[in-house]
K.L.:
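Handing you this structure, nothing more for now.
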Amino acid sequence: VGDSLLRGQALAWASRGWPAEVDLGLELTLPTGDSARGLGGSTALRPFVAAGTKLGPFDVLGNLSYQWGLDGPLGDVETFQAIVAVGYPIRWLVPFTELTLVKPVRGADDLRPQLAAAPGLEIFLPGNLSLSIGVQLPLGSAHVFDQRVLGLLKWLF
């Protein structure tokens, strides 16, 4: 396990006549891996805006964010990130695909944009919990990782 992510997100706007909303939020990344085994991470802060809507049977989500590295190996790196995801809800299961564009702004050796795709599944559980799992795969030659297995447990309250 690498880093842990704490996220707060709140509704900023919701449409009355169409299933759409815009949220604002803040993420804090905390290093929780073992640095002796190469799993130590960085502390980072990321404000973001997220939007979602329903287009026919598909859920479409988007996210724009800016991250400041605060400490660790990426302590001086700043990045801009844009994400778009499309999912197809089937009762308590949502297969999805997510495209992520990360553009290092400063502090990185390579400032080329990085593009990745992440196919995955979101499983809705009792108690307002959901589990999202997927594999993030780089697209193109500019990438700082080969692949990532991602897991996200969410509790809505």
Side-chain angles (χ1 to χ4, degrees), residues 1-14 20-55 58-88 94-123 129-157:
V1 175
D3 296 338
S4 292
L5 178 70
L6 300 174
R7 172 188 271 196
Q9 185 171 333
L11 175 68
W13 175 84
E21 71 177 60
V22 176
D23 294 355
L24 299 175
L26 186 65
E27 291 178 353
L28 177 63
T29 303
L30 300 170
T32 53
D34 183 359
S35 59
R37 295 178 52 207
L39 299 174
S42 298
T43 303
L45 188 64
R46 179 191 307 261
F48 66 89
V49 59
T53 191
K54 195 152 195 58
L55 294 176
F58 297 99
D59 292 342
V60 180
L61 305 171
N63 183 311
L64 294 174
S65 65
Y66 194 90
Q67 178 174 296
W68 288 274
L70 303 175
D71 191 26
L74 301 176
D76 60 346
V77 176
E78 296 179 17
T79 57
F80 169 78
Q81 182 172 289
I83 298 172
V84 64
V86 177
Y88 186 81
V94 180
F96 66 85
T97 299
E98 178 180 289
L99 288 175
T100 302
L101 173 69
V102 176
K103 172 66 174 102
V105 176
R106 60 184 289 229
D109 294 335
D110 187 353
L111 296 178
R112 292 182 295 168
Q114 303 163 26
L115 186 63
L121 292 172
E122 183 169 16
I123 303 164
L129 292 173
S130 73
L131 176 65
S132 297
I133 51 176
V135 178
Q136 190 175 49
L137 305 167
L139 302 174
S141 61
H143 56 84
V144 296
F145 57 86
D146 291 324
Q147 67 275 338
R148 291 182 182 159
V149 176
L150 304 171
L152 180 63
L153 181 64
K154 296 183 280 187
W155 176 41
L156 300 174
F157 60 92

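If you read the sequence from its start, that first residue is 1, and numbering goes on from there.
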K.L.:
Please give me the minimum heavy-atom distance between G107 and V77, naming the atom from each residue.
P.N.:
O-CG2, 3.6 Å
K.L.:
Can you measure from CD (E21) to CG (L11) and round to the nearest 0.5 angstrom?
P.N.:
5.0 Å
K.L.:
List the atom of L64, the atom of A82, and the distance in Å for their closest heavy-atom pair.
P.N.:
CD2-CB, 3.6 Å
K.L.:
I'd like to know whether CZ of R7 has more than 12 heavy-atom contacts from other residues, nucleotides or ligands below 6.0 angstrom.
P.N.:
yes
K.L.:
Working to the nearest 0.5 angstrom, can you tell me the gap between F96 CZ and I133 CD1?
P.N.:
8.5 Å
K.L.:
Got Q9 and F48 here, is their nearest side-chain heavy-atom distance under 4.5 Å?
P.N.:
yes
K.L.:
Residues in side chain to side chain donor-acceptor pair (under 3.5 Å) with S65, at least two apart?
P.N.:
R46
K.L.:
When rounded to the nearest 0.5 angstrom, what is the spacing between OG1 in T79 and CH2 in W68?
P.N.:
10.0 Å
K.L.:
Tell me, with the steps shown, if I83 and T100 meet side chain to side chain contact (heavy atoms under 4.5 Å, CB included).
P.N.:
CA-CA 5 Å; I83 298 172; T100 302; 3.7 Å; yes
K.L.:
When you compare the side chain of L28 with that of T43, does any pair of heavy atoms fall below 4.5 Å?
P.N.:
yes
K.L.:
Is the shortest side-chain heavy-atom distance between T29 and L5 below 4.5 Å?
P.N.:
yes
K.L.:
Can you tell me how far apart CG (D71) and CG (L45) are? Round to the nearest 0.5 Å.
P.N.:
13.0 Å
K.L.:
Rounded to the nearest 0.5 Å, how far does CG of L115 lie from CG of L137?
P.N.:
11.0 Å
K.L.:
Return the minimal non-hydrogen interatomic distance between L111 and P104, and the atom names on each side.
P.N.:
CD2-O, 3.7 Å
K.L.:
Can you tell me if W155 has over 12 outside heavy atoms packed within less than 6.0 Å of its CH2?
P.N.:
no
K.L.:
Can you name the nearest heavy-atom pair linking L61 to G52, along with the distance?
P.N.:
CD2-CA, 3.7 Å
K.L.:
Using ring centroids (six-membered ring only for Trp), state whether Y66 and F80 fall under 6.0 Å.
P.N.:
no
K.L.:
Working to the nearest 0.5 Å, report the span between CG of L153 and OG of S130.
P.N.:
7.0 Å
K.L.:
Below 4.5 Å, heavy atoms only, C-beta onward: do L139 and L99 meet side chain to side chain?
P.N.:
yes
K.L.:
Of the non-hydrogen atoms in S42 and G75, which two are nearest, and what is the gap between them?
P.N.:
OG-N, 4.4 Å
K.L.:
With a 4.5 Å cut-off on side-chain heavy atoms, are V149 and Q136 touching?
P.N.:
no
